[in-house]
Amino acid sequence: MPTHAIVRDVSSSFHLALARDRPTLEVERARTQHRTYREALESLGLTIIRLPPDDALPDCCFVEDGALHLDGETLLTRPGALSRRGEIAALEDALRPFGPLHRTEAPATLDGGDCMRVGRRIFVGRSARTNEAGIRTVERVFAPRGFEVVGVEVGTALHLKSVCSPLTDDRILLAEGTIPASRFPGTRPCLVPREEEGGANCVVVGTTALIQPGFPSVVSAVEEAGLTPCIVDTSELRKADSALTCLSILI
Ligand code: CIR
């Protein structure tokens, strides 16, 4: 069970965040929802490491993409989006006390949202943001530490975890009709209907799963996995293509 969560406040330039549908993004609404998310993690007993926002980095609240932290080792990423590369420095400082740091070097690109740990496997999405060299970087760092790294074709989703997320050491939540369940060997996928794709990403802390409101099949899947759902609305952040996991790095 994690003990800490790194989060980073929503910047005042959030309305300029990358968003595929080019929606209008409301900074204050995003900030309120981000605070609720942070408080939910805190209420689950996590110590929050709260980083200040940087107005030059509209996407800086989406900390998951900047680092992959597993079992006391951190791989700093090299985000696929150029505008996000400046996010890494603050994460590097925040993660330094928590163990060795590794780097992702050019030409590799890697976003944390493409990395899904399930037990001793790490599934890494081949996406618009993460390339083959990025997947190999995860393998180089984590295979010697006992992880099997499995590349997964993401298709049209932004990130691997836009359509799936881990529930337990072997169960995953997965939106039907996105990535075939067969691409996740060694896991037991809990499928939710395609129309609930937006809810297929949850954050599990102990026996609680933070989930988005409005996804009844996700509630059932989480309960079947023995977890207690806790609803957290991050709809404004989701308009900028964010999943729930994206807003924290659990340590
Ligand atoms: C982006 O397009 O990079 C951000 N607007 C959203 C990142 C979401 N990342 C995630 O869910 N892991």
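Both ligands and their constituent atoms are indexed starting at 1 by order of listing. Since the model is a prediction, treat every value here as computed from it, not as a measurement.
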Q: Would you check if Arg78 and Glu105 make a side-chain contact, meaning some heavy-atom pair closer than 4.5 Å?
A: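 Result no, sub-4.5 Å side-chain heavy-atom pair not found.
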Q.
The test is side-chain hydrogen bond (donor to acceptor under 3.5 Å, both in side chains); show your working for Ser235 and Gln212 and say whether it passes.
A. CA-CA 8 Å; Ser235 48; Gln212 299 274 354; over 6 Å; no
Q) Around ligand 1, what residues show up once you keep those with a heavy atom under 4.0 Å from it? A)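 For ligand 1, the contacting residues are Leu18, Asp59, Phe62, Glu64, Asp65, Arg84, Gly113, Arg129, Leu158, His159, Ala240, Asp241, Ser242, Ala243, Cys246.
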**Q.** More than 12 heavy atoms from other groups under 6.0 Å of CG on Asp21
**A.**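 Count not over threshold, so no.
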Q.
Once rounded to the nearest 0.5 Å, what's the spacing between atom CG of Asp54 and atom SG of Cys61?
A.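 So the CG of Asp54 and the SG of Cys61 are separated by 12.0 Å.
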(Q) Check this for me, if you would: do Arg96 and Glu92 make a salt bridge, where the nitrogen-to-carboxylate-oxygen distance has to be below 4.0 angstrom? (A)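 Salt bridge flag = yes for Glu92 with Arg96.
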**Q.** Any donor-acceptor N or O pair under 3.5 Å, side chains Ser12, Asp55
**A.**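 The criterion, which ignores hydrogens and geometry beyond distance, is satisfied for Asp55 and Ser12.
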